[in-house]
Amino acid sequence: MTIIRSQVLGLGAYLPSTILTNEELARRVDTSDDWITERTGIRSRRVAAQGEMTSHLAHNAALAALSNAGVKAEELDLIVVATTTPDETFPSVATIVQARLGMTRGAAFDIQAVCSGFIYGLAVADNFIRCGQAKTVLLIGAETMSRLMDWTDRTTCVLFGDGAGAVVLRAAECEGTSADRGILTTQIYSDGRLHDLLYVDGGPSSTQTTGHLRMQGKEVFKHAINNITSAVHAAAEAAGVSVNDVDWFIPHQANQRILDGTAKKLGVPGSRTISTIAEHGNTSAASVPLALATAVADGRVKRGQLLLLEAMGGGFTWGSALIRW
Ligand code: ACO
């Protein structure tokens with residue numbers, strides 16, 4: 001019996017051109033390149049130019065993904081944008097991108113799961129595809145996290161960056177085994193009780209301002225490794241594979257120590273983890289597709305390999321996705 005799976009037809013990435021180094025940050029707040037590198041692995045991050053918005057980054061990543069996939073905008077049934085930094089409170093970034101791409105049919109909407117947004121987006125897109133409501137979906141993770149920073153708070157402003165990544169997914173008939181190409185499983189979770197560990201202190205209904213990101217870093221760190229590890233095991237179990245079968249772990253890029261700690265807890269070599277944290281920082285919902293695009297472009301990820309994507313973010317939200325490339 002055949003089943004429908006979502007296969008990645010193409011992917012793309014976009015980074016704003018301005019590079020903000022640790023040395024430059026050390027001139028703004030009481031920090032140092034040594035502190036940031038040692039505690040996080042971050043050396044630099046990209047920052048959107050004045051007037052450059054999340055929709056611009058998303059649109060550029062979308063154009064790259066459509067071109068890479070050989071798919072035209074009019075073939076899309078659905079655009080999903082994972083973002084926590086929309087241009088405006090409404091309408092969604094997805095509808096802005098829809099208009100810029102010239103897509104006049106189907107639907108477009110944003111989803112909000114902060115750093116887990118791309119994993120949540122994969123779950124949403126995959127479910128739309130598998131139930132037959134969409135055949136071709138453009139999924140984008142795009143963020144201008146620089147706009148949520150309190151640039152006087154050294155505990156947060158050194159961590160984040162701006163960017164976007166996108167994939168084009170299409171329904172394909174498969175055998176229904178773990179040897180199939182495409183998304184084998186997605187696992188998503190949340191625990192709203194942990195709000196105070198990571199949040200933004202503003203919003204349209206509370207302060208009528210955008211607010212700034214606030215975080216209890218040590219607490220977030222502790223939860224991250226445990227939650228991500230259990231989501232990875234859940235994905236492997238659901239797909240009937242072993243964690244040791246995974247060729248590449250493509251994690252949300254929050255902190256190199258979280259990536260190393262997760263690999264250690266999973267008992268897999270750190271050399272199987274794709275890390276782009278040094279040059280991207282934490283780009284929230286954009287970090288997983290940016291890391292994926294990097295590893296595909298440099299040839300590490302090869303057709304047929306098993307990829308485990310995972311993330312955790314504010315909410316808390318977390319999750320994983322297992323993809324046969
Ligand atoms: N430069 C220099 N000193 C700093 C800086 C900085 N940028 N930031 C904090 N410090 C100081 C603190 O004030 C503290 O000083 P004190 O001892 O005099 O009080 C000292 O450094 C140690 O601070 P800690 O918070 O204990 O440092 P820690 O080793 O925990 O590292 C960090 C902080 C990097 C935030 C870490 O906890 C972390 O990465 N946590 C995960 C959070 C995360 O990744 N969040 C992203 C969003 S959620 C997600 O994506 C999973």
Side-chain angles (χ1 to χ4, degrees), residues 13 15-49 84-85 114-115 143-165 197-201 212-229 248-266 268-288 290-295 298 300 310-314 316:
L15 290 164
S17 57
T18 303
I19 298 172
L20 178 61
T21 63
N22 291 349
E23 288 82 1
E24 287 169 84
L25 271 171
R27 290 197 281 276
R28 294 189 196 182
V29 287
D30 183 14
T31 190
S32 65
D33 177 39
D34 282 351
W35 192 96
I36 303 170
T37 307
E38 189 190 310
R39 303 284 179 127
T40 71
I42 301 167
R43 293 185 180 279
S44 62
R45 68 289 291 143
R46 301 297 181 105
V47 176
T84 200
T85 47
V114 205
C115 299
E143 302 279 18
T144 45
M145 294 303 283
S146 60
R147 308 268 154 77
L148 284 184
M149 291 302 113
D150 172 352
W151 287 100
T152 65
D153 176 9
R154 68 177 182 174
T155 68
T156 52
C157 76
V158 303
L159 302 174
F160 292 88
D162 300 339
L197 300 186
L198 181 57
Y199 66 102
V200 166
D201 62 2
H212 292 123
L213 185 143
R214 305 295 176 200
M215 179 177 72
Q216 295 178 35
K218 262 197 191 325
E219 290 303 312
V220 175
F221 197 105
K222 278 188 226 155
H223 284 278
I225 294 179
N226 288 336
N227 288 346
I228 289 166
T229 306
W248 293 108
F249 292 86
I250 306 186
H252 167 51
Q253 310 285 316
N255 181 319
Q256 186 60 43
R257 289 189 296 148
I258 294 180
L259 307 196
D260 295 342
T262 305
K264 195 169 167 206
K265 192 156 183 186
L266 289 168
V268 296
S271 55
R272 272 195 247 159
T273 299
I274 303 295
S275 175
T276 55
I277 185 112
E279 285 166 1
H280 296 171
N282 181 344
T283 57
S284 188
S287 94
V288 171
L290 278 171
L292 176 63
T294 301
D298 67 24
R300 275 178 289 177
E310 45 88 341
M312 194 194 89
F316 281 173

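Side chains are part of it too, since the values below use all heavy atoms of this structure and drop only hydrogens, waters and symmetry mates. A quick note: this is a predicted structure, and the numbers were derived from the prediction, not measured.
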Within the side chain of Asp162, is there an N or O that forms a donor-acceptor pair under 3.5 Å with the backbone of Ala48?
yes

Looking at Arg272 and Phe249, would you say the former's side chain and the latter's main chain have a donor-acceptor pair under 3.5 Å?
no

To check you understand the geometry: which heavy-atom pair defines the closest contact between Cys115 and Ala311, and what is its length?
O-CB, 3.5 Å

Any donor-acceptor pair under 3.5 Å linking the side chain of Gln256 with the backbone of Thr37?
no

Which pair of non-hydrogen atoms, one from Ser275 and one from Gln253, has the smallest distance, and what is that distance?
CA-OE1, 3.4 Å

With a 3.5 Å distance limit and no angle check, can you tell me whether Trp151 reaches the backbone of Ser146 through a side-chain donor-acceptor pair?
yes

Looking only at heavy atoms, which two atoms of Met215 and Val220 are closest? And how far apart?
CG-CG2, 3.7 Å

Any side-chain heavy-atom pair from Glu143 and Thr84 closer than 4.5 angstrom?
yes

Do Pro251 and Thr262 make a side-chain contact, defined as non-hydrogen atoms from C-beta onward lying under 4.5 Å apart?
no

Would you say that Glu219 contacts Leu198 through its side chain, given a criterion of any heavy-atom pair below 4.5 Å between the two side chains?
no

Point-to-point distance, once rounded to the nearest 0.5 Å, from CG of Leu259 to CD1 of Ile274
10.5 Å

Do Val158 and Ile42 touch side chain to side chain, with heavy atoms closer than 4.5 Å?
no

Run Glu279 and Ile19 through side-chain contact (heavy atoms from CB on, under 4.5 Å) and show every step you take.
CA-CA 9 Å; Glu279 285 166 1; Ile19 298 172; over 6 Å; no

Interatomic spacing from OG in Ser44 to CG in Asn22 - rounded to 0.5 Å:
7.0 Å

Separation of Phe221 CZ from Met312 CE (nearest 0.5 Å)
10.5 Å

Ile250 side, atom CD1; Leu292 side, atom CG - distance, nearest 0.5 Å:
4.5 Å

On a heavy-atom basis, the closest approach of Arg147 and Ala49 is NH2-O, 3.1 Å

Report yes or no: does Asn282 contribute a side-chain atom to a donor-acceptor pair with the main-chain N or O of Leu159 at less than 3.5 Å?
no

Quick one: pull up NE2 in His212 and OG1 in Thr152 and give me the separation to the nearest 0.5 Å.
8.0 Å

Roughly how far apart are Leu25 CG and Ser32 OG, rounded to 0.5 Å?
11.0 Å

Are the side chains of Leu197 and His223 in contact, using a 4.5 Å heavy-atom criterion?
yes

Given the rule in the side-chain contact (heavy atoms from CB on, under 4.5 Å) test, do Ser284 and Val114 qualify, once you have shown the distances and angles that lead to the verdict?
CA-CA 6 Å; Ser284 188; Val114 205; 4.1 Å; yes

Salt bridge (Lys or Arg N to Asp or Glu O under 4.0 Å) contacts touching residues 28-45 (sequence neighbours left out):
Asp30-Arg154

Thr229 vs Lys265, side-chain contact (heavy atoms from CB on, under 4.5 Å): CA-CA, chis, key distance, verdict
CA-CA 7 Å; Thr229 306; Lys265 192 156 183 186; 3.9 Å; yes

Could you tell me whether the side chain of Leu15 reaches within less than 4.5 Å of the side chain of Leu290, counting heavy atoms only?
yes

Would you indicate whether the side-chain heavy atoms of Ile258 and Ile225 approach each other to under 4.5 Å?
yes

